[in-house]
K.L.:
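Below is a structure I'd like to ask you about.
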Amino acid sequence: MATLEKLLHDRLASAFDLVAGMPTSPGVRRSKHADFQADGALALARQLGRKPRDVAADVVRVAQLDDLCTSVEISGPGFINLTVATDALASLLAEMTRDERLGIPSVAAPDTVVVDYSAPNVAKEMHVGHLRSTVIGDAVVRLLDWLGHRVIKANHLGDWGTPFGMLIEHLLDIGESEAVAELSLGDLNSFYKAARVKFDADDSFKERARQRVVALQGGDELTRRLWRLLVAASEKYFMTVYDRFDVCLTEKDFLGESFYNDMLHPLVDELDRLGLLRESDGAKVVFPVGFVNREGEPLPLIVRKRDGGFGYAATDLAAIRYRTQELEATRLLYVVGSPQRQHFEMVYEIAREAGWLRPPARAHHVGFGSILGSDGKMFRTRGGDTIKLVDLIDEAVSRAAALVEEIDQLDDAGRAEVARMVGIGALKYADLSNDRNKDYVFDWARMLSFEGNTAPYLQYARVRILSIFRQGGVTPVRDLVTLTVSEPAERALAIELLAFEGVIAEVAESLEFHRLATYLYGLAATFTTFYEKCPVLRAEDGVRDDRLALCDLTARVLARGLGLLGIGAPDRM
RNA sequence: GCGCCCGUAGCUCAGCGGAUAGAGCAGGGGACUUCUAAUCCCAAGGCCGCAGGUUCGAAUCCUGCCGGGCGCACCA
């Protein structure tokens, strides 16, 4: 389906091309002076050496807009103001009601997308630091999947490295069953800390740990089994967190660092063959072009450490090669904090130089800022400790439970389910409604408020709509051929609804979910104006059905939009 | 030193070259015999960090400052 804005754009583009004699952007956008405006004449006038208003007049003369607009006027210095015909609105809306996908088709040429996100560490608690990656990455997965792309979730688990020496030795000390029980239940911090304490205090333990690392890397069978035990127990725990948080990661998506172990030696060999590998201070490194260190010298990416071990850079390179060559990925997304930006830029550059990343395949760092406390510093507990992710989730749900306590139309189980949707929704939405490039300030009261740009507000807006249907005992029809849109509030809502596709298209590329959030909030706000001004159930028969259709579409767009953000929408609250 | 990100109302945030810079919160004033008032409406609140430049037009693009955050060789 063609979206309204795109239709206007295309028609005007043809007209502009005629007037300019070359491809010219019409500059169509929403306007407060009309439904839409086109700014293209102002920019074009300069190139043609003519007056903007004259250019605009020529464009209007040749533009074929009769079926779309009732009014096309030139205003100010040369803006073209467009008022959309209600017939056009009506038929587009009717088409939208009939479409299961709300006018948004599956993509014609799907990408194979690898989304690298969440990435907790084995035997370590998930904390606030994992919140944004998990929430944003999950939204990326849901959106691209819904659009019909082939999405591969890659949970780049920290399941390898020197800490496993001490972790395995600690496991042996306390016994396998005890360790597994502790880890599966989520008592990860105390397990890790206990290991750490012994490691720091006890030299013989430290030596055992060191030996154990060697055994692990050497493939010693017992050690591997114990390691696997640690990983499995942690994965089991992480799954409980994901389930509780409504995150769509599954057991199958754990693709930890260790997965790439066997690829690391061949990787180094290939870099060597390609002539990219250098020796520096005893380490094997690659110097990607365009990167310098603080002395202005070429900045290396260390592929193999002086001691022969591999660092994360090697794993990241192996992963990128695996993803493009084995998984045949065309779009690689790394949902990782902004501080790691340079690292990934270096990895991408090397991958391009090595030929592992070439068009149409592209890699993109989906970076994000930090979560801050109300004091403007990194969000921590009052004691200065990092906050566990489960604690955050639990608090969100229990705070939401206090809010929904008064709902008398639901039983206890129903209220608990609503509390979950509201609490988790609030937490996720607070993250996704902010520009991910920026830091944001964490504030329980604000995110759980029913006023302002919050998940509860959007959820509530939809509940009010469903309440109309229940109250009237009606089911909105979805096979309309046309409908009437006459009141200003109806028009405003109609135009807002028709903008959904454009927003989705934009976010699918930029992965800036706050644009979707801003849109949904605008839609909900536009709806409440409509709700105040236009009675639905009390309207006359013809009008009533049309208003019901507007309500229904709004509810569906809200539910779909929230769903793409990983947020549920309760039917009552 | 080099690089990246950020600076918009008292607070939290939108605004990816267009008309008079927008929301929410807080503070002020209103609206519940009404489809859920957990809502809505009205008024008030701004040298868009500073200074130049490009442009018919700059919060938006460029340069330089100021202020804050983060990276920059064997941790991920």
Side-chain angles (χ1 to χ4, degrees), chain A residues 27 29 31-33 37 39 42-43 45-46 51-52 75-79 81 119 121 156 158 160-163 257 280-285 290-297 299-307 309-316 336-343 345-346 367 369-370 372 374 376-378 403-404 406-407 409 430 433-435 437-441 443 445-446 449-454 456-457 459-461 463-472 506 510 512 514-515 517-518 521-522 525 528-529 531-539 547 551 572-573:
Chain A
R29 70 195 72 228
S31 170
K32 49 185 165 183
H33 301 280
Q37 67 181 43
D39 310 327
L42 288 96
R46 170 108 183 133
K51 289 180 182 165
S75 158
F79 298 105
N81 285 347
N121 292 312
H156 201 74
W160 200 253
T162 47
E257 296 168 333
S280 177
D281 287 347
K284 307 271 193 197
V285 307
F291 293 88
V292 293
N293 67 8
R294 62 188 89 197
E295 275 78 41
E297 299 155 351
L299 183 65
L301 196 71
I302 293 166
V303 179
R304 192 164 183 190
K305 298 185 285 185
R306 193 171 10 203
D307 66 7
F310 296 100
Y312 58 93
T315 309
D316 284 334
V336 182
S338 294
Q340 291 188 52
R341 177 170 179 141
Q342 182 180 261
H343 166 72
E345 292 303 330
M346 290 172 77
S370 307
L372 308 177
S374 52
K377 294 178 183 160
M378 293 289 278
L403 290 177
V404 303
E406 59 194 72
I407 305 177
Q409 338 166 17
S433 59
N434 281 288
D435 182 345
N437 294 303
K438 300 185 185 178
D439 298 345
Y440 76 91
V441 177
D443 184 336
R446 189 153 20 90
S449 169
F450 284 82
E451 291 170 359
N453 189 9
T454 68
Y457 176 85
Q459 290 167 326
Y460 179 64
V463 163
R464 291 171 95 187
I465 297 171
L466 299 194
S467 178
I468 293 173
F469 302 153
R470 269 196 301 271
Q471 194 71 218
E506 197 285 322
S510 71
E512 291 174 343
H514 74 286
R515 293 178 188 280
T518 302
Y521 179 57
T528 51
T529 303
Y531 182 91
E532 300 285 329
K533 297 227 168 99
C534 302
V536 178
L537 294 175
R538 283 181 277 112
R547 288 186 178 166
C551 289
R572 298 168 193 264
M573 58 192 284

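Bear in mind that the values here come from a model prediction, so they are computed numbers and not experimental data. Just the heavy atoms: all of them, side chains too, but no hydrogens, waters or symmetry mates, feed the values below. Letters A, B, ... mirror the listed sequences (proteins, then strands); counts begin at 1.
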K.L.:
Would you classify A:H514 as touching base, sugar-phosphate or nothing, given that sugar-phosphate means primed atoms plus P, OP1 and OP2, and contacts are heavy atoms under 4.0 Å?
P.N.:
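The answer is sugar-phosphate, as A:H514 gets under 4.0 Å only of primed atoms, P, OP1 or OP2.
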K.L.:
Give the rounded distance in Å between these two atoms: CE of A:M346 and P of B:C4.
P.N.:
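Interatomic distance, CE of A:M346 to P of B:C4: 15 Å.
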K.L.:
May I ask you to say what A:L301 touches in the nucleic acid, namely base, sugar-phosphate or nothing, with a heavy-atom cut-off under 4.0 Å?
P.N.:
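Contact class for A:L301: none.
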K.L.:
What about A:S280: does its side chain form a donor-acceptor pair under 3.5 Å with the base of B:A73?
P.N.:
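Result: at least one qualifying N/O pair found.
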K.L.:
Determine whether any donor atom in the side chain of A:E506 lies under 3.5 Å from an acceptor atom in the base of B:C16, or the reverse, and answer yes or no.
P.N.:
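Yes, the side chain and the base share a sub-3.5 Å donor-acceptor pair.
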K.L.:
Could you say whether A:R304 or A:F469 is positioned toward the 5' end of RNA chain B, judged by the nucleotide with the nearest heavy atom to each?
P.N.:
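The 5'-side residue here is A:F469.
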K.L.:
Hey, does the side-chain of A:Q37 have a donor or acceptor N/O within less than 3.5 Å of a partner on the base of B:A19?
P.N.:
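Yes.
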K.L.:
For A:S75, answer base if it contacts any base atom (sugar-phosphate contacts may also be present), sugar-phosphate if it contacts only those atoms, and nothing otherwise; contact means non-hydrogen atoms under 4.0 Å.
P.N.:
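If one applies the 4.0 Å heavy-atom cut-off, A:S75 turns out to touch a base.
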K.L.:
Would you say the base of B:A38 and the side-chain of A:S449 have a donor-acceptor pair closer than 3.5 Å?
P.N.:
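Answer no: no donor N or O sits under 3.5 Å from an acceptor.
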K.L.:
Quick one: label A:L466 by what it contacts on the DNA or RNA (base, sugar-phosphate, nothing), any heavy atom closer than 4.0 Å.
P.N.:
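Answer is nothing: A:L466 stays at 4.0 Å or more from every strand.
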K.L.:
Have a look at A:L299 and say if it touches a base, only the backbone sugar-phosphate, or nothing, with a 4.0 Å heavy-atom cut-off.
P.N.:
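Sugar-phosphate, backbone atoms only, no base.
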K.L.:
May I ask you to say what A:P77 touches in the nucleic acid, namely base, sugar-phosphate or nothing, with a heavy-atom cut-off under 4.0 Å?
P.N.:
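Nothing, no nucleic acid heavy atom in range.
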K.L.:
With a non-hydrogen cut-off below 4.0 angstrom, is A:F291 in contact with a base, only sugar-phosphate, or nothing?
P.N.:
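Counting heavy atoms under 4.0 Å across all strands, no contact is made by A:F291.
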K.L.:
Can A:F79 be said to stack with the base of B:G18, given centres closer than 5.5 angstrom and planes under 30 degrees apart?
P.N.:
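A:F79 vs B:G18: stacking no.
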K.L.:
Mind telling me whether B:C66 is syn or anti, cutoff 90° either side of 0?
P.N.:
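You should classify B:C66 as anti.
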